[in-house]
Amino acid sequence: FSIISYAQLESHKTKGEKLPPRALILTFDDGLSQCFSNVRPLLLKYELPCVFFVNTNFLDNRGLAADMKASLCIEKFLSADKETRQRISASIQGEFGLGTHAPKEWLTWIRSLAGNDSRKIDALCVLLDIDVKYVLESEKPYLSSEEVIQLSIEGFTIGAHSLGHERLWELSPIELKQNIVNS
């Protein structure tokens with residue numbers, strides 16, 4: 001593959017400039033901190049262009065995406081012993097009214113919350129005693145503003161990825177425009 005920059009792709013689309021055979025553009029989603037600590041050094045070493053798409057609501061660890069919260073809930077469930085899993089299952093059943101005791105079905109339900117119901121995933125974090133604020137402060141899963149600026153200075157493209165991983169197709173035209181402009 002021939003790895004191309006965003007500028008090359010843009011020139012191809014707007015000016016019809018030819019791309020090399022098997023053109024490939026590297027992109028990384030969500031603005032995770034590993035993009036700076038792990039990916040950036042390799043890109044610099046091999047002089048590879050890249051686009052980093054950043055969710056601005058999570059920049060500087062100001063919030064945690066629902067899919068990350070779901071992962072924390074699943075991790076807590078899977079790492080628990082059998083007795084604790086049964087207590088967790090009973091608590092979930094009582095709080096959310098689910099009619100199953102099968103762990104596989106709980107995991108499917110938790111995964112479904114990531115894209116569908118932020119209130120329920122937040123309530124589940126509380127129920128499972130997951131301190132999202134602590135996770136943000138201690139693990140710092142997202143890029144800082146300074147890191148994004150440094151990536152830009154080093155020649156990488158920074159792209160908007162929405163404010164906070166919203167389901168854009170569910171937004172009204174006004175909400176959609178605000179989300180895109182604000183991000």
(request) Would you check if H161 and N55 make a side-chain contact, meaning some heavy-atom pair closer than 4.5 Å? (result) yes
(message) Could you check whether any side-chain heavy atom of I25 comes within less than 4.5 Å of a side-chain heavy atom of Q8, counting everything from C-beta outward?
(response) no
(request) Measure across G63 and L136 and return the closest heavy-atom pair with its distance rounded to 0.1 Å. (result) O-CD2, 3.3 Å
Side-chain donor/acceptor pairs under 3.5 Å, residues 68-79, sequence neighbours excluded:
unit_1, atom_1, unit_2, atom_2, d
K69, NZ, D122, OD1, 2.5
S71, OG, D67, O, 3.1
K76, NZ, L128, O, 2.7
S79, OG, E75, O, 2.9
S79, OG, K76, O, 3.3

(request) Report yes if the side chains of L26 and P49 come closer than 4.5 Å at any heavy-atom pair, otherwise no. (result) no
(message) So, taking the atom named SG in C35 and the one named CZ in F156, what distance separates them when rounded to the nearest 0.5 Å?
(response) 10.5 Å
(request) State, yes or no, whether a side-chain contact exists between L151 and F36 at a heavy-atom distance under 4.5 Å. (result) yes
(request) Work out which heavy atom in I180 is nearest to a heavy atom in S183; give both atom names and the distance. (result) O-OG, 3.1 Å
(request) Kindly give the heavy-atom pair with the smallest separation between R62 and N57, and that separation in Å. (result) CB-O, 3.5 Å
(message) Is there a path of hydrophobic side-chain contacts, each under 4.5 Å between heavy atoms of I/L/V/M/F/W/Y residues, joining L163 to I158?
(response) no
(request) Flag yes if V135 and F58 sit in one hydrophobic cluster, no otherwise; membership is Ile, Leu, Val, Met, Phe, Trp, Tyr, and two members link when side-chain heavy atoms are under 4.5 Å apart. (result) yes
(request) Begin with the C-alpha distance, continue with both residues' side-chain angles, and end with the deciding distance and a verdict on side chain to side chain contact (heavy atoms under 4.5 Å, CB included) for L32 and L143. (result) CA-CA 6 Å; L32 298 173; L143 291 167; over 6 Å; no
(request) Could you list the residues that satisfy side chain to side chain donor-acceptor pair (under 3.5 Å) with T157, not counting sequence neighbours? (result) none
(request) Provide the full list of ring pair (Phe, Tyr, Trp, His ring centres under 6.0 Å) pairs with a residue in residues 6-28, sequence neighbours left out, each pair given once. (result) F28-F52
(message) Strictly distance-based, threshold 3.5 Å: is any side-chain N or O of S2 a donor or acceptor partner for the main-chain N or O of P21?
(response) yes
(message) Pair Y142, V54 - check side chain to side chain contact (heavy atoms under 4.5 Å, CB included), show working.
(response) CA-CA 9 Å; Y142 296 104; V54 178; over 6 Å; no
(request) Under the side chain to side chain contact (heavy atoms under 4.5 Å, CB included) rule, collect the residues that match up with S172, sequence neighbours excluded. (result) I174, E175
(message) Whether the side chain of N182 engages the backbone of Q178 through a donor-acceptor N/O pair (distance < 3.5 Å, no angle test) should be reported.
(response) yes
(message) If I take atom OG from residue S5 and atom CD from residue E10, how far apart are they, to the nearest 0.5 angstrom?
(response) 9.5 Å
(request) Without swapping roles, check the side chain of S11 against the backbone of A7 for a donor-acceptor pair under 3.5 Å. (result) yes
(request) Give a yes or no answer on whether the side chain of N179 reaches the backbone of S162 with a donor-acceptor pair at less than 3.5 Å. (result) no
(message) Can a donor-acceptor pair be found, under 3.5 Å and without considering hydrogens, that links the side chain of T27 to the backbone of V51?
(response) no
(request) Scan for side chain to side chain donor-acceptor pair (under 3.5 Å) pairs involving residues 129-139, sequence neighbours excluded, and state none if there are none. (result) none
(message) I want to check something: taking the side chain as every heavy atom from C-beta on, are W106 and Q93 in contact at a cut-off of under 4.5 Å?
(response) yes
(message) Taking the side chain as everything from C-beta on, heavy atoms only, tell me whether I149 gets closer than 4.5 Å to E146.
(response) no
(message) Determine whether a donor-acceptor pair (N or O, by modelled atom type, separation under 3.5 Å) exists between the side chain of S112 and the backbone of W109.
(response) yes
(message) Tell me whether I110 shares a hydrophobic cluster with F96, the cluster being built from Ile, Leu, Val, Met, Phe, Trp, Tyr side chains joined at under 4.5 Å.
(response) yes
(request) To the nearest 0.5 angstrom, please state how far the CD atom of E17 sits from the CG atom of L9. (result) 11.5 Å
(request) Using a 4.5 Å cut-off on heavy atoms from C-beta on, say whether the side chain of L24 contacts that of I4. (result) no
(message) Quick check on the hydrophobic clustering: are I153 and F53 connected, directly or via other members, by side-chain heavy-atom contacts under 4.5 Å?
(response) no
(message) Is it the case that the side chain of D81 and the backbone of E83 share a donor-acceptor pair, with hydrogens and angles ignored and the cut-off at 3.5 Å?
(response) yes
What pairs of donor and acceptor atoms, side-chain ones from residues 40-48 against any protein atom, are under 3.5 angstrom apart with sequence neighbours left out?
unit_1, atom_1, unit_2, atom_2, d
R40, NE, E154, OE1, 2.7
R40, NE, E154, OE2, 3.3
R40, NH2, E154, OE2, 2.8

(request) Examine I3 and L19 and state if one hydrophobic cluster contains both, with Ile, Leu, Val, Met, Phe, Trp and Tyr joined whenever side-chain heavy atoms are less than 4.5 Å apart. (result) no
(message) Side chains of D60 and S144: any donor to acceptor distance under 3.5 Å?
(response) no
